[in-house]
*Asks:* 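Supplied in structure tokens, the structure appears directly below.
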Amino acid sequence: MPPISLGDTFLKRFFIVIIALTFVGCSVITLSYNRLPIVAAYQLDSIFDLTDQQSSLARKELDNWLSWHRTTHLPQYANKLKSYEKLIIQDLTPQQFCKEIDVIRIFVDEAVVQFLPALVPIAKTLTPKQIENWNKYQLKNDEEFMINFGLGRKGEIINERRLEKAIDRAEMFYGTLSVEQKEWIAKRLEKSAFKAELVLPERKRRHNEAVAAVNLIQKGAQPLQTLKNVWKNNQQSPDPKYANYSEQMLKDGCAQLSELHNRTTPEQRLKAAQKLQGYANDFQSLIKP
């Protein structure tokens with residue numbers, strides 16, 4: 001479920017600190033969380049090359065977002081993680097993984113909707129040069145996406161970078177994997193429903209829609225609702241073929257997570273439970289500034 005193109009990679013990196021680190025991150029969250037507005041403003045600047053005024057207006061909204069998130073979402077994250085500690089030591093079905101992914105989707109949706117006001121002053125004032133910077137940024141990230149997740153250099157179904165990333169994510173959670181577990185991941189990825197060449201056109205569609213939304217806003221369209229429409233079409237693509245493919249990817253991803261988890265040892269599951277406990281403690285400690 002990639003985030004919206006405004007900015008596509010930026011929001012992905014921003015929310016990985018507060019969402020994905022729940023599963024594959026590290027204790028750096030305790031150091032990063034309070035700096036999220038600064039990190040977000042810096043990332044936005046790297047995309048658009050913002051003016052001081054644009055940065056200042058966005059930063060104000062980002063500070064508001066962090067205050068909302070701290071009091072509203074962090075307690076929910078901590079509670080959810082405590083329930084995961086008990087689940088993770090058991091075998092888990094694809095349906096259980098998909099159920100929890102739906103929970104995360106709700107968290108992300110709520111967080112993005114609260115975050116969008118920070119993008120309004122930028123969308124209203126982006127210059128043609130800044131939009132050109134944005135287009136170049138997106139093109140570079142699309143190229144990196146294909147390098148990391150497309151076919152291998154010799155046409156292999158799974159390239160080395162994708163396999164390395166998959167193993168790294170698993171080991172950050174479960175600890176060191178056995179040779180057999182790594183070999184299983186390689187074989188399972190070959191059967192994955194995910195195909196980078198099918199995702200790339202959707203990434204481009206999302207970016208083009210976001211650029212078009214900026215043009216609409218600058219011509220007088222209601223800013224916040226226009227951005228919400230972009231986000232809505234990100235969650236559920238208006239292309240029925242891609243929407244169906246996205247659902248297939250989700251189901252296959254849940255199956256893959258279940259199959260990997262059910263191949264882990266009791267020791268690896270205990271390590272995962274300890275990770276979750278650490279994340280829960282981190283979130284709990286951050287509730288009060």
Side-chain angles (χ1 to χ4, degrees), residues 1-4 8-9 11-13 15-16 18-25 80-81 83-84 87-88 90-109 111-112 142 144-152 156-174 177 181-203 205-206 231 233-237 239-264 268-269 272 275-276 279:
M1 181 188 61
I4 63 174
D8 184 2
T9 303
L11 281 178
K12 181 178 180 181
R13 291 176 181 174
F15 287 111
I16 199 172
I18 56 172
I19 300 294
L21 280 181
T22 302
F23 299 97
V24 297
K80 178 55 68 174
L81 286 168
S83 70
Y84 289 169
L87 280 176
I88 205 69
Q90 311 168 22
D91 278 0
L92 296 172
T93 67
Q95 291 75 20
Q96 286 174 297
F97 273 101
C98 275
K99 179 181 177 181
E100 299 310 324
I101 288 174
D102 284 342
V103 171
I104 295 172
R105 278 178 157 178
I106 293 172
F107 282 148
V108 171
D109 181 60
V112 169
D142 284 343
E144 291 178 355
F145 171 76
M146 293 304 296
I147 290 172
N148 288 328
F149 299 103
L151 296 176
E156 303 96 337
I157 296 176
I158 303 301
N159 69 42
E160 291 183 3
R161 292 193 184 189
R162 183 180 172 192
L163 177 58
E164 288 174 0
K165 287 178 178 291
I167 292 173
D168 286 346
R169 285 194 296 268
E171 290 194 327
M172 288 173 71
F173 193 55
Y174 293 110
L177 300 181
Q181 288 169 327
K182 293 177 181 179
E183 290 176 346
W184 178 86
I185 290 176
K187 292 178 181 178
R188 184 60 177 82
L189 287 178
E190 291 181 356
K191 300 189 298 179
S192 171
F194 173 83
K195 299 291 184 293
E197 62 272 17
L198 298 181
V199 176
L200 182 62
E202 176 68 8
R203 288 172 60 94
R205 183 202 66 75
R206 291 174 178 177
W231 170 242
N233 286 340
N234 173 271
Q235 289 191 298
Q236 182 69 31
S237 175
D239 179 353
K241 290 185 178 179
Y242 187 83
N244 180 62
Y245 169 64
S246 181
E247 191 63 27
Q248 292 177 11
M249 280 197 295
L250 174 62
K251 292 180 180 178
D252 184 66
C254 293
Q256 184 174 325
L257 289 170
S258 171
E259 291 164 18
L260 172 61
H261 174 74
N262 293 343
R263 283 172 169 77
T264 57
Q268 288 171 325
R269 295 182 190 186
K275 283 267 187 177
L276 291 171
Y279 303 152

*Asks:* Given 3.5 Å as the limit, does a donor-acceptor pair link the side chain of K80 with the main chain of E100, or not?
*Replies:*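 Here the side-chain-to-backbone pair does not exist.
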*Asks:* Can R105 and L250 be said to form a side-chain contact (heavy atoms from CB on, under 4.5 Å), step by step?
*Replies:* CA-CA 12 Å; R105 278 178 157 178; L250 174 62; 3.7 Å; yes
*Asks:* So if I apply the side chain to side chain donor-acceptor pair (under 3.5 Å) rule between D91 and each of R269, R263, Q96, H261, which one comes out positive?
*Replies:*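 Only one option passes, and that is R269.
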*Asks:* Can you confirm whether Q181 sits close enough to I167 that some side-chain heavy atom of one is under 4.5 Å from a side-chain heavy atom of the other?
*Replies:*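 Q181 does not reach I167 side chain to side chain.
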*Asks:* Tell me, please, which residues at least two apart from S237 pass side-chain contact (heavy atoms from CB on, under 4.5 Å).
*Replies:*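 S237 satisfies side-chain contact (heavy atoms from CB on, under 4.5 Å) with E202, R205, D239, Y242 only.
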*Asks:* So, for R206 and N234, which heavy atoms are closest and what is the spacing to 0.1 Å?
*Replies:*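 Heavy-atom minimum between the residues: NH2-O, 3.0 Å.
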*Asks:* Please identify each residue that fulfils ring-ring contact (aromatic ring centres under 6.0 Å, His included) with F97, with sequence neighbours left out.
*Replies:*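 Partners of F97 by the ring-ring contact (aromatic ring centres under 6.0 Å, His included) criterion come out as none, since no residue qualifies.
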*Asks:* Got M249 and Y245 here, is their nearest side-chain heavy-atom distance under 4.5 Å?
*Replies:*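 Side-chain contact under 4.5 Å: yes.
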*Asks:* What are the two closest heavy atoms between E171 and L177, and how far apart are they?
*Replies:*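 Taking every non-hydrogen atom into account, OE2-N, 2.9 Å.
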*Asks:* Shortest non-hydrogen contact from F145 to L200?
*Replies:*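 Closest approach of F145 to L200: CE2-N, 4.3 Å.
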*Asks:* Give me the atom names and distance for the closest heavy-atom approach of P94 to C254.
*Replies:*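 Reported closest heavy-atom pair: O-CB, 3.4 Å.
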*Asks:* Find the distance between NZ (K251) and CD1 (I101) and round it off to the nearest 0.5 Å.
*Replies:*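 Rounded to the nearest 0.5 Å, the NZ-CD1 separation comes out at 13.0 Å.
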*Asks:* With side-chain contact (heavy atoms from CB on, under 4.5 Å) as the criterion, how do D252 and R188 come out once you've worked through the C-alpha distance, each side chain's angles and the decisive distance to 0.1 Å?
*Replies:* CA-CA 10 Å; D252 184 66; R188 184 60 177 82; 2.9 Å; yes
*Asks:* Let's go through L260 and F173 carefully: what are the C-alpha distance in whole Å and the side-chain angles of both, what is the deciding distance for side-chain contact (heavy atoms from CB on, under 4.5 Å) to 0.1 Å, and is it a yes or a no?
*Replies:* CA-CA 12 Å; L260 172 61; F173 193 55; over 6 Å; no
*Asks:* Please report the closest heavy-atom contact between A170 and I185, naming both atoms and the distance.
*Replies:*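 Minimum heavy-atom contact is CB-CD1, 4.4 Å.
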*Asks:* Check the orientation of F194 and F149. Use parallel for under 30°, tilted for 30 to 60°, and perpendicular for over 60°.
*Replies:*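 Ring orientation of F194 relative to F149: perpendicular.
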